**Student:** 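First the structure, then my questions, so here it is.
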Amino acid sequence: MESKIRVFLQKYRIEFIIAALVALVFTAHSRIGIFVDKARPVDYGVTMAVLSLAVFLVARISYPKIYKFKILLSGYVVVAFIINFFMISTETSVKIFGLNFFQKSMSIMPSGNFAYRFLFTILNLNLLVIMLVNAYVNYNAGKHSSWVAFALNIIVYFTVLIILPAHKSSHFVKGFLQTHLLINLVITGLIILLSFFNIEEEHNYGSIIVAVSFIVFYCEIYSQNLGQVKFLLPAMEVIIIWGMFAHWVNCLHHRAHYDPLLKIYNRQYMDNIIRGIADIRFGENLSVMMCDIDHFKKVNDTYGHAAGDAILFHIAQIIRETSLPEGIVCRYGGEEIIVFLRDKIGNDAKAKAEKIRKAVKAAGTKFKSKNIKVTLSIGVASTKEGMQDVGRIIKKADDCVYKAKKSGRDKVVAD
Ligand code: GH3
Ligand code: MG
Ligand code: MG
């Protein structure tokens, strides 16, 4: 149990959340809010502009290098939020089409800071979307949707502000102000919950979003205290920039260990695991599953090598997803994939292998309007002696695959 918690804390990047909490406690218990509120608007504006530009640039520059849609999207929505914030908090009114609507008086309404509360709630909602979107999207699709999200954030926000007449009496405003706390509680709660999943494959970008959501939540509740909010916004941006960089470095580090076709760990990383120099800790109880696609040569011959590649990628993803959270998945050779299972031995490991076999059998890979199905043969071997015994169980799992093939394929054989 204790080692499980340790493993979890290693993976879960708690430092971002601690940083956010420190910023919140400091803000709540110091007079920093009053101090910031008295700062010259120009100084504050310049600070925020520089930080926002940095958020935008880190998001933009990292994207072609690591293809992380979530980073790009978070950069864009945060900058859109900052633009919105300055539009409603600026002292001077801005005339657009002869209308004076971007002025401070607009946001300080008798209805209890609707404009600010609504703005923070939208940002929180954006963070939830970032948690939910697919991490792997097409390069251009990712670029375009980030711009769309950016524009939507500004357009939707001001549309709501402009079309809501006499804010105080509007049903929407009333309803929102009655439920805003609950809404944000649910959103932040969901973000925390979602951050516990897919920790490894995301290098836990989720914990960064949780940290930001805490700050957003606080700002939403205490939005009437503009000085505190104004102090927390740059703090939030610093956390985001730090998080993006940490994520970027992590991705580059992992890239060296990834198979470019299958998007799982490569053989070199498997060797690192075996030699105990990978950043993964296994306990005493450990299993190995060796997966080999059945009659894959025939698939290549029938549908072509490109179809074979697409299937191989898809099968690797199924194995990776089904192996979570205990399984570490590496490409062993051509169409052979090895899974290291932490804390699962004997029948538990065999059950996991069965789950993988069934998932692969049930799924088909779409390729040029064809739905191609394949099956897996899996060999499983376990040990209670940890990594020092791994060489022996890999050999055993390999022998088990051979037995599975001989006895008709589409089977799990355990030692
Ligand atoms: P079985 O395992 O059921 O005995 O039959 P098999 O046809 O799968 O036999 P084997 O495992 O010996 O063959 C592996 C084949 O996988 C050979 C090769 O054409 C194919 N293969 C290996 N790597 C790749 C790859 O990266 N892409 C594609 N398309 N095919 C690959
Ligand atoms: Mg093979
Ligand atoms: Mg095969």
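Treat the numbers as computed from the prediction; the structure is a model and nothing was measured. One-based numbering, in listed order, for ligands and for the atoms of each.
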**Student:** For E220 and H180, what are the C-alpha separation, side-chain angles and deciding distance, and is it a side-chain hydrogen bond (donor to acceptor under 3.5 Å, both in side chains)?
**Tutor:** CA-CA 9 Å; E220 204 278 333; H180 71 98; 2.9 Å; yes
**Student:** At a cut-off of 2.8 Å, list the protein N/O/S atoms near the Mg ion (ligand 2), residue plus atom name.
**Tutor:**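 Atoms qualifying: D292 OD2, E335 OE2, E336 OE2.
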**Student:** Decide if the gap between the ring center of F245 and the ring center of W248 is smaller than 6.0 angstrom.
**Tutor:** yes
**Student:** Does only the side chain of K405 get under 4.0 Å from ligand 1, or the backbone, or both, or neither? Count heavy atoms.
**Tutor:** side chain
**Student:** Identify, by atom number and element, the atoms of ligand 1 in contact range of L261, meaning under 4.0 Å from any of its heavy atoms.
**Tutor:** 26 (O)
**Student:** Is the closest basic N to carboxylate O distance between D389 and R392 below 4.0 Å?
**Tutor:**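 A salt bridge links D389 with R392.
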**Student:** Does the S213 side chain pair with the main chain of I209, one donor and one acceptor, at a distance under 3.5 Å?
**Tutor:**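 No, because the side chain of S213 does not come within donor-acceptor range (under 3.5 Å) of the backbone of I209.
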**Student:** Answer yes or no: does an N/O atom from E336 fall short of 3.5 Å to an N/O atom of ligand 1?
**Tutor:** no
**Student:** Could you list the atoms of ligand 1 found under 4.0 angstrom from a heavy atom of G308?
**Tutor:** 29 (N)
**Student:** May I ask you to list the atoms of ligand 1 that are less than 4.0 angstrom from any heavy atom of G334?
**Tutor:**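 Under 4.0 Å from G334, ligand 1 has these atoms: 22 (C), 23 (N).
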**Student:** Evaluating non-hydrogen atoms only, which member of K406, E335, R409 is closest to atom 14 (C) of ligand 1?
**Tutor:**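 Shortest heavy-atom distance from atom 14 (C) of ligand 1: E335.
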**Student:** Applying ring pair (Phe, Tyr, Trp, His ring centres under 6.0 Å), can you list everything that pairs with F120, at least two apart in sequence or on another chain?
**Tutor:**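 Per chain and number, F120 pairs via ring pair (Phe, Tyr, Trp, His ring centres under 6.0 Å) with F81.
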**Student:** Counting heavy atoms only, which part of N300 comes closer than 4.0 Å to ligand 1: side chain, backbone, both or neither?
**Tutor:**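 Side chain only; the backbone of N300 stays clear of ligand 1.
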**Student:** For L312, is at least one N or O under 3.5 Å away from an N or O on ligand 1?
**Tutor:** no
**Student:** Please identify which atoms of ligand 1 are closer than 4.0 Å to at least one heavy atom of D292.
**Tutor:** 2 (O), 11 (O)
**Student:** Y265 ring centre to R331 NZ or CZ under 6.0 Å, with the angle to the axis within 45°?
**Tutor:** no
**Student:** Can K68 be said to sit on top of Y205's aromatic six-ring, NZ or CZ under 6.0 Å from centre and within 45° of the ring axis?
**Tutor:**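 No, K68 does not sit over the ring of Y205.
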**Student:** Within less than 4.0 angstrom of ligand 1, does R331 place any heavy atom?
**Tutor:** yes
